Amino acid sequence: MRRKLVAGNWKMHKNLTESQALITEIRGIVRDEFRKSQAEIVVCPTALALASAAKLVEGTDVQIGAQNIHEAIEGAFTGEWSAQMLSSISVTHAIIGHSERRQYFNETSKQCSLKIKSAVSEGITSLYCVGETLEERESEKHFEVIEDQLNEGLEGITADEMSNVVIAYEPVWAIGTGKTASSDQAQEVHAFIRAQVEKKYGKAISDTIRILYGGSVKPGNAGELFSQADIDGGLIGGASLKARDFFEIIQAAV
Ligand code: 13P
């Protein structure tokens, strides 16, 4: 069975003091109320808070992820950081190819494949994001768009390396809009993604890879989404900024 995973993407929210306070609050709730059988928990604060967050969760069931990485190990890339630097501060996960990175920073799926490769080489698990815009869905191009994002983003990633890859389906039209894909709509795309992974890597890998749903997940809709056969947890934006809401979502992922 696939263990569910719930990751919080804080995006560009919370300064260092606020980040430390929220991590401490999440850590406390997890320590008091979390049972091991429940979902794997990842929190992705801003880059500024990563080192401090990783220290605060040492020895707990909370893991820390970055929201992005550069594909090189080091070099003249002002404003960037590498997988090697993240692993040196015990960051275990990295979101790759979030639609906001694609939209505002022109990231391409090809670039994402290099980032995933780099993350994997440091033992960092990639949360690789795919998803269509509203226009693409309305013109019924969503399957085609997602297939391209998977083919290009996973190019050069070997079957062995796939054990360090999680896919996140985030329909762009559902991010921060309050509009969630219905559980049927989400399940349909998740099944499609799993079929694509099977085509490329075979059944053993497609059966074990985790596919998260992201886009306006809240305590009230998480249970129904996570009960779908191919939905293995969530990538949570807004609701992950409130410790109690985030934990309720984690509890929905049993
Ligand atoms: P919201 O949950 O705020 O819609 O954001 C989803 C998201 O982009 C997570 O990466």
Side-chain angles (χ1 to χ4, degrees), residues 4-14 18-19 22 26 39-47 49-50 53 62-69 91-105 107 109 112 115-116 119 124-134 136-137 142 145-146 149-150 153 165-183 185-186 189-190 193 210-226 228 231-253:
K4 288 204 168 44
L5 191 159
V6 175
N9 175 9
W10 290 5
K11 308 192 179 184
M12 199 172 75
H13 293 288
K14 307 280 177 195
E18 293 162 347
S19 298
L22 182 53
I26 292 170
E40 206 178 323
I41 306 168
V42 179
V43 175
C44 307
T46 70
L50 284 172
V62 182
Q63 304 169 91
I64 299 297
Q67 298 174 15
N68 178 36
I69 57 165
V91 167
T92 50
H93 292 70
I95 299 171
I96 309 271
H98 190 280
S99 62
E100 288 149 17
R101 302 285 322 163
R102 294 176 188 263
Q103 184 182 351
Y104 303 121
F105 304 96
E107 261 181 32
S109 296
C112 290
K115 290 174 185 245
I116 294 172
I124 289 178
T125 298
S126 296
L127 310 179
Y128 176 51
C129 301
V130 299
E132 79 284 1
T133 61
L134 183 60
E136 289 160 346
R137 173 153 290 253
H142 48 296
V145 167
I146 291 164
Q149 290 171 336
L150 290 171
V165 176
V166 172
I167 294 170
Y169 169 55
E170 297 207 319
V172 179
W173 48 271
I175 296 177
T177 58
K179 272 191 218 163
T180 321
S182 70
S183 49
Q185 274 174 325
V189 175
H190 281 235
I193 293 171
R210 287 170 303 173
I211 307 172
L212 314 182
Y213 171 78
S216 298
V217 179
K218 305 273 180 284
N221 59 23
E224 193 187 333
L225 284 160
F226 297 167
Q228 302 300 308
I231 301 185
D232 306 311
L235 183 52
I236 321 301
S240 73
L241 294 167
K242 294 199 176 110
R244 187 45 69 182
D245 283 3
F246 185 52
F247 190 67
E248 277 182 33
I249 294 171
I250 293 164
Q251 282 180 306

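Values below: all heavy atoms of this structure, side chains included; hydrogens, waters and symmetry mates excluded. Given the structure is predicted, the values throughout are model-derived calculations rather than measurements. When a residue number appears, it is its place in the shown sequence, counting from 1. Both ligands and their constituent atoms are indexed starting at 1 by order of listing.
- Within the structure, the salt bridge (charged side-chain N to carboxylate O under 4.0 Å, His left out) test picks out the following pairs touching residues 239-250 (sequence neighbours left out): Glu33-Arg244.
- Of the residues Asp232, Leu212, Leu150, the one that meets the side chain to side chain contact (heavy atoms under 4.5 Å, CB included) test with Ile167 is Leu150.
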Where does ligand 1 get N/O contacts under 3.5 Å from the protein, atom by atom?
residue, atom, partner, partner atom, Å
ligand 1, 2 (O), Ser216, N, 3.4
ligand 1, 2 (O), Gly237, N, 2.9
ligand 1, 3 (O), Gly238, N, 2.9
ligand 1, 4 (O), Gly176, N, 2.6
ligand 1, 4 (O), Ser216, N, 2.8
ligand 1, 5 (O), Lys11, NZ, 3.3
ligand 1, 8 (O), Lys11, NZ, 2.8
ligand 1, 8 (O), His98, NE2, 2.8
ligand 1, 8 (O), Glu170, OE1, 3.3
ligand 1, 10 (O), Asn9, ND2, 3.0
ligand 1, 10 (O), His98, NE2, 2.9
ligand 1, 10 (O), Glu170, OE1, 3.2
ligand 1, 10 (O), Glu170, OE2, 2.9

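- Using cut-offs of 30° and 60° for the angle between ring planes, the His190 and Tyr213 rings count as tilted.
- Judged by distance alone, with hydrogens and angles left aside, the side-chain atoms of Gln149 form a donor-acceptor pair with the main-chain N or O of Gly131 at under 3.5 Å.
- Other residues, nucleotides and ligands contribute more than 12 heavy atoms inside 6.0 Å of the CD atom of Glu18.
- Side-chain polar atoms of Gln67 and His98 form no donor-acceptor pair below 3.5 angstrom.
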